[in-house]
Amino acid sequence: MELPPQALSEAMARLQGGGAPSEGAAGGRRLLAWLGWEAPVEESRRLDRIALLRVALLCRPVFGLVLPSRPGLCAIGARLDLESAIGEAGLPVLGASGVGLTPGRAFAACMGEAAERLAQVERPEDRDGGDMVALCSWQGEPAGDWPRDLVFRRAAARRTLQPAAPLSIGCAAGPCWPSARRAALLEVIERDAVALWWRGGIPATRLAADHPAARAATALLREGGGVPAAGAEMLLDLTTDLGVPTVAAIAFDGSGSGFLCGTAAGPLLEEAARAAVMERLQNELAVALAAAKRQEFGASALGPRDRAHLLRHATVTAEALPIIAAAAAPRGPAPPGPDFAAIAGRLQARGHAVLVHDHRRAVPGIPVSRVLATGLACEPSTDLPPRLAAAIARTGGGPGHRMRVSLFA
C-alpha cells in the first residue's frame with residue numbers, strides 16, 4: 001500500500017493548521033486517522049509529526065508492508081533518492097524502514113531512519129575545512145579534526161576515505177539532542193558487543209524464560225501476532241565489560257535453520273530485550289520481502305542487501321551457533337544509568353573516547369547526532385581493533401569469522 005504524496009502533504013497541512021476540512025483534503029484526514037495522529041497533542045509532539053511528514057515528502061515511494069506471519073505488526077518502508085532530494089549527482093538511493101505495534105510508531109521509526117540518512121549528506125555549507133571536520137567530546141569540548149568521510153555521506157568523486165563500517169552505525173535521530181546522542185551511542189555499544197560475540201566468539205548467556213527481560217519480550221511478540229514454536233526463539237545477553245545491557249533476539253524454524261536475529265542495547269536489560277525483538281521482527285520482514293522479490297522477479301532482481309539477508313537466513317543454523325554459555329553468569333558491572341552523560345562517562349573511564357557531531361542544519365525539527373567511540377569493535381566492519389583480535393585469538397572466532405557471514409546486511 002503506497003502512501004500518496006498528496007495525502008502526506010494534506011496531512012502535514014492539517015497538522016500545521018492550514019488544512020481546513022474539505023473534500024480535497026480527505027486523503028490527509030484518512031492518513032492521520034490511520035496513523036492515530038488525528039487527536040490534538042502537546043505542541044512538541046505536533047511539531048515532531050510535522051517534521052516526520054516533511055521527511056516523508058522527500059521519499060518516493062512511502063509504502064505500508066504486510067507480514068502475514070505477524071498480523072499485529074505494522075511496517076513502513078521508504079525509498080530515498082539522495083541525489084534528487086539534495087540536488088547533487090553521485091549520491092546513492094537508500095532504503096528506510098520501520099516496524100511498530102501501531103502505524104504511527106512504524107511511520108515514525110521509518111521516517112526517523114530516513115532523517116538520519118538525509119542529515120548525514122554533506123551540503124556545500126558543510127565543506128569548510130576541506131577533508132576534515134571538527135568533533136567535540138561528549139562534554140562539549142573540542143576534540144580535534146577527524147576525517148570528514150567518517151561523519152558525512154559524500155559523492156564518490158569527493159570521498160578520500162572509505163569508512164570501515166557503515167556510516168549509519170552510530171547515527172541516530174531523537175525528539176531532542178540528548179536523546180539522539182544517547183540512541184547513537186547505544187548503537188555503537190550494541191555493535192561492539194555483537195562483534196565480540198558474532199565474530200569474536202565470546203559466549204553469550206541465554207536468558208531463562210522467566211527472566212523479566214524474557215517475559216517483556218514474549219509479551220511484545222504476542223502483541224505483534226504470536227510467538228514462534230517452542231524452542232525456536234531465544235534471548236541472549238551480550239553485555240560486555242562496558243556494563244551496558246545488550247541483547248540478541250534470535251530465532252530458527254523447527255528444523256534449526258531459517259536464522260533471524262535482532263540486537264539492541266539499552267539502559268536496562270528489559271528495554272534492550274524489547275528493542276532487540278523489534279529489530280528481529282524487522283529482519284523477518286526484510287527476509288520475507290527479499291524472498292518474495294526473488295520468487296516474482298528472479299534472482300537477478302535482488303540487490304546486495306536482499307542477497308545478504310537470504311544468505312544469512314539460509315546459511316546459519318542452530319548447530320553452527322554454539323556460542324551460548326551453558327549457565328547464567330555475571331556480565332560485568334551494573335548499568336551506568338539511563339542518560340547519555342552516564343553512559344559516555346562509563347566508556348571514557350574504560351579508555352574509550354566518545355566523540356560527537358550534531359547535524360544541526362540538515363533536517364529542521366529532527367535532531368540527528370553522529371557518535372564515535374574510539375577502540376570499540378563494530379559489526380559489520382573491515383576493522384579489527386585489539387579487543388576483537390584478542391577475542392578471536394582466544395576463542396578461534398565466532399560464526400561470523402569462521403563462515404564469513406555478516407550479521408547485518
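On a predicted model such as this, the values are computed, not experimentally measured, just so you know.
Looking only at atom types and distance, the side chain of Ser44 has no donor-acceptor partner in the side chain of Glu42 under 3.5 Å away. Side-chain contact check for Asp383 and Ser381: no donor-acceptor pair (N or O, by modelled atom type) lies under 3.5 Å.
Here Glu10 does not pair with Arg14 in a salt bridge; the nearest charged N to carboxylate O distance is not below 4.0 Å. Under 4.0 Å is where a charged nitrogen must lie from a carboxylate oxygen, and between Arg350 and Asp241 no such pair does. For the pair Asp126 and Arg154, the salt-bridge criterion is not met [side-chain N within less than 4.0 Å of a carboxylate O]. The existence of a salt bridge linking Arg29 and Glu38 is excluded, since no basic side-chain nitrogen approaches an acidic carboxylate oxygen closer than 4.0 Å.
By the 4.5 Å heavy-atom criterion applied to side chains, Cys171 and Val368 are counted as neighbours. With a 4.5 Å cut-off on side-chain heavy atoms, Met278 and Leu73 count as touching. Between Glu187 and Val371 there is no side-chain heavy-atom pair separated by less than 4.5 Å. Residues Leu186 and Arg182 have side chains in contact (heavy-atom distance under 4.5 Å, counting atoms from C-beta outward). Between Trp198 and Thr263 there is no side-chain heavy-atom pair separated by less than 4.5 Å. Looking at heavy atoms from C-beta onward, Leu185 lies out of side-chain contact with Val244 at the 4.5 angstrom threshold. Side-chain contact between Leu268 and Pro338 is absent, with no heavy-atom pair separated by less than 4.5 Å. Side-chain contact between Cys378 and Ile169: present, with at least one pair of heavy atoms (C-beta onward) separated by less than 4.5 Å.
With sequence neighbours excluded, no residue forms a ring pair (Phe, Tyr, Trp, His ring centres under 6.0 Å) with Phe408. When the side chain to side chain donor-acceptor pair (under 3.5 Å) test is applied to Asp48, no partner is found at least two apart in sequence or on another chain. For Arg181, the salt bridge (Lys or Arg N to Asp or Glu O under 4.0 Å) partners at least two apart in sequence or on another chain are Asp358. Remark: Glu379 pairs with Arg199, Ser406 by the side chain to side chain donor-acceptor pair (under 3.5 Å) rule, at least two apart or across chains. Legend: residues meeting salt bridge (Lys or Arg N to Asp or Glu O under 4.0 Å) with Glu270, ordered by chain and number and at least two apart, are absent. When the salt bridge (Lys or Arg N to Asp or Glu O under 4.0 Å) test is applied to Glu284, the partners found at least two apart in sequence or on another chain are Arg70, Arg280. Not a single salt bridge (Lys or Arg N to Asp or Glu O under 4.0 Å) links Arg215 to another residue, sequence neighbours left out. Every residue meeting the side chain to side chain donor-acceptor pair (under 3.5 Å) condition with Thr160, not counting sequence neighbours, appears here in chain and number order: Asp149. The ring pair (Phe, Tyr, Trp, His ring centres under 6.0 Å) check on His309 picks up nothing, with sequence neighbours excluded. Applying the side chain to side chain donor-acceptor pair (under 3.5 Å) criterion to Thr317, with sequence neighbours excluded, gives no partner residue. Every residue meeting the ring pair (Phe, Tyr, Trp, His ring centres under 6.0 Å) condition with Phe107, not counting sequence neighbours, appears here in chain and number order: Trp37.
At least one donor-acceptor pair closer than 3.5 Å links the side chain of Glu83 to the backbone N or O of Gly90. With hydrogens and angles disregarded, no donor-acceptor distance shorter than 3.5 Å links the side chain of Arg206 to the backbone of Ala204. A side-chain donor-acceptor contact under 3.5 Å links Gln120 to the backbone of Leu167. Judged by distance alone, the side chain of Arg307 and the main-chain N or O of Leu302 form a donor-acceptor pair under 3.5 Å. Arg387 places no side-chain N or O within 3.5 Å of a backbone atom of Leu384 that could act as its donor or acceptor partner. Of the possible donor and acceptor atoms, none in the side chain of Ser9 sits under 3.5 Å from a partner among the backbone N and O of Pro5. Asp192 places a side-chain N or O within donor-acceptor distance of the main-chain N or O of Ala377, the cut-off being under 3.5 Å.
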| field | side-chain contact (heavy atoms from CB on, under 4.5 Å) between Ile366 and His359, intermediate numbers included | value | CA-CA 10 Å; Ile366 302 181; His359 292 281; over 6 Å; no
| Check against side-chain contact (heavy atoms from CB on, under 4.5 Å), Arg274 and Val277 | CA-CA 5 Å; Arg274 288 177 64 89; Val277 166; 5.8 Å; no
| What's the verdict on side-chain contact (heavy atoms from CB on, under 4.5 Å) for Leu3 and Trp34, showing C-alpha distance, side-chain angles and the deciding distance? | CA-CA 11 Å; Leu3 307 186; Trp34 181 67; 4.1 Å; yes
| said: If you apply the rule side-chain contact (heavy atoms from CB on, under 4.5 Å), what do you find for Leu150 with Val133, and how did you get there? | reply: CA-CA 9 Å; Leu150 297 180; Val133 61; over 6 Å; no
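More than 12 heavy atoms of other residues, nucleotides or ligands lie within 6.0 Å of CH2 in Trp177, so this atom counts as buried by the packing criterion. Other residues, nucleotides and ligands contribute only 12 or fewer heavy atoms inside 6.0 Å of the CD atom of Gln295. Enclosure of atom CD in Glu296 is not indicated, since only 12 or fewer non-hydrogen atoms of other residues, nucleotides or ligands lie within 6.0 angstrom.
Here the straight-line distance linking atom CZ of Arg312 with atom CG of Asn283 works out to 5.0 Å at 0.5 Å rounding. One distance of note links CD of Glu88 with CD of Glu122; it measures 7.5 Å at 0.5 Å rounding. Atom CG of Leu269 sits about 5.0 Å away from atom NE2 of His211, to the nearest 0.5 Å. Expressed to the nearest 0.5 Å, how far CG of Leu91 lies from CG of Leu80 amounts to 10.0 Å. Atom CG in Leu118 sits 9.5 Å away from atom CZ in Arg153 (nearest 0.5 Å). Between the CG atom in Leu355 and the CH2 atom in Trp146 there is a gap of 5.0 Å [rounded to 0.5 Å].
Aromatic ring pairs are classed by plane angle as parallel below 30°, tilted from 30° to 60° and perpendicular above 60°; the pair Phe252 and Phe259 is tilted.
Summarising the geometry of Thr246 relative to Glu190, their closest heavy-atom pair is CG2-CA, 4.0 Å, with the distance given to 0.1 Å. Minimum heavy-atom separation, Ala272 to Pro245: CB-O, 3.8 Å. The nearest pair of heavy atoms linking Thr395 to Gly200 is OG1-O, 2.5 Å. Nearest heavy-atom pair, Gly351 versus Thr374, reported as atom, atom and distance to 0.1 Å: O-OG1, 4.3 Å. In terms of heavy-atom proximity, Ala184 sits nearest to Gly170 at CB-O, 3.3 Å. The two residues Leu196 and Ala391 make their nearest non-hydrogen contact at CD2-CB, 4.4 Å.
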Tell me which donor-acceptor pairs under 3.5 Å the side chains of residues 92-103 have, and how far apart each pair is, sequence neighbours excluded?
from   : atom 1 : to     : atom 2 : distance (Å)
Ser97  : OG     : Gln282 : NE2    : 2.8
Thr102 : OG1    : Arg105 : N      : 3.2

